[in-house]
**Q** 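Okay, here's the structure, questions in a sec.
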Amino acid sequence: GESVGLHLPTLSVQEGDNSIINCAYSNSASDYFIWYKQESGKGPQFIIDIRSNMDKRQGQRVTVLLNKTVKHLSLQIAATQPGDSAVYFCAEKVEGYSTLTFGKGTMLLVSP
Amino acid sequence: GAGVSQSPSNKVTEKGKDVELRCDPISGHTALYWYRQSLGQGLEFLIYFQGNSAPDKSGLPSDRFSAERTGGSVSTLTIQRTQQEDSAVYLCASSGDRGKPQHFGDGTRLSIL
């Protein structure tokens, strides 16, 4: 039978739409957060990061929002393109520690 | 090279054999990390190196797993007496220091028959 682990949350959008990918993180002591993009057969690629003393950070076509009150992180992608199709992971790091804890990932599918 | 390099990119071996996976981090990066990713899953932390020492090896799943780093650069992850549940993609990442993003290689896809 199928493994539950294969069923990633999936977001399907049309090319040109804005996409929002959400992540609930686990540790209130986390002070650093990163979003990664992973294409099939490739390693995770850094997209954008944010520290806990900020609630918003913008990059090129991407914005990360941090809500520490509810331990929620989101990645907004403007004018989504087919090349944005990938699995997106959020990761958190606790102050004083060096390792990242990764979320399960969300698959983004962009239709032309 | 400019990025993290891992070799081999694919490895197929029989159950019970030992395997050695290699990671070349970005030049000058002092921190190096190994992760494991099973099909459709997130990344599972294995071990962290700062220079040649491993202050955090809490993620190694059993004593069959070991890793070393020499010269503050290349790292090898060794799995002894491989089992089928070891099948996964093994990813290596490096960073300039603890406050900087980790940059990943493309991984070694390990298949145990």
Side-chain angles (χ1 to χ4, degrees), chain A residues 1-10 21 23-27 30-54 57 59 62 64 73 75 86-107 109, chain B residues 1-7 9-10 21 23-26 29-51 53-60 67 85 87-109:
Chain A
E2 287 186 61
S3 166
V4 171
L6 294 175
H7 291 289
L8 282 175
T10 300
I21 300 171
C23 176
Y25 64 92
S26 58
N27 194 332
S30 293
D31 68 337
Y32 179 63
F33 306 88
I34 304 181
W35 280 100
Y36 284 95
K37 170 187 180 183
Q38 188 175 27
E39 297 173 285
S40 181
K42 300 283 191 180
Q45 176 188 358
F46 170 80
I47 302 173
I48 192 168
D49 58 0
I50 189 168
R51 300 197 179 277
S52 59
N53 60 351
M54 303 172 69
R57 190 168 186 217
V62 295
V64 55
L73 195 66
L75 177 70
V87 176
Y88 289 79
F89 292 97
C90 66
E92 61 184 296
K93 187 183 79 65
V94 175
E95 183 177 3
Y97 290 83
S98 300
T99 57
L100 292 172
T101 300
F102 282 80
K104 293 294 186 187
T106 296
M107 180 173 292
L109 298 175
Chain B
V4 177
S5 177
Q6 292 187 247
S7 61
S9 55
N10 286 282
L21 313 179
C23 173
D24 280 274
I26 294 171
H29 278 190
T30 57
L32 186 147
Y33 309 80
W34 284 98
Y35 294 86
R36 179 168 71 174
Q37 186 175 34
S38 300
L39 184 63
Q41 299 290 320
L43 278 71
E44 174 191 10
F45 166 75
L46 298 178
I47 187 170
Y48 153 63
F49 286 92
Q50 181 63 39
S53 63
D56 188 351
K57 52 180 77 171
S58 62
L60 295 178
E85 61 264 29
S87 296
V89 176
Y90 289 81
L91 290 157
C92 175
S94 69
S95 68
D97 63 43
R98 296 200 308 187
K100 299 294 186 185
Q102 296 177 24
H103 296 274
F104 284 82
D106 285 338
T108 294
R109 184 174 300 276

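Model, not experiment: these values are computed from the prediction. Chain letters run A, B, ... following the sequence lines, proteins first and then strands; every chain starts at 1.
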**Q** Tell me, for Leu43(B) versus chain A, whether the close heavy atoms (under 4.5 Å) come from the side chain, the backbone, both or neither.
**A** both
**Q** Is chain A contacted by the side chain of Glu44(B), its backbone, both, or neither, given a heavy-atom distance below 4.5 Å?
**A** neither
**Q** Between Gln45(A) and chain B, which part of the residue has a heavy atom less than 4.5 Å away: side chain, backbone, both or neither?
**A** neither
**Q** Please report the closest heavy-atom contact between Asp106(B) and Gly43(A), naming both atoms and the distance.
**A** OD1-N, 2.9 Å
**Q** Where is the tightest heavy-atom contact between Lys100(B) and Tyr32(A), given as atom of each residue plus distance?
**A** C-OH, 4.1 Å
**Q** What's the shortest heavy-atom distance between Asp49(A) and Pro101(B), and which atoms?
**A** OD2-CG, 3.7 Å
**Q** Of Tyr33(B), Tyr35(B), Phe45(B), which meets side-chain contact (heavy atoms from CB on, under 4.5 Å) against Leu100(A)?
**A** Tyr35(B)
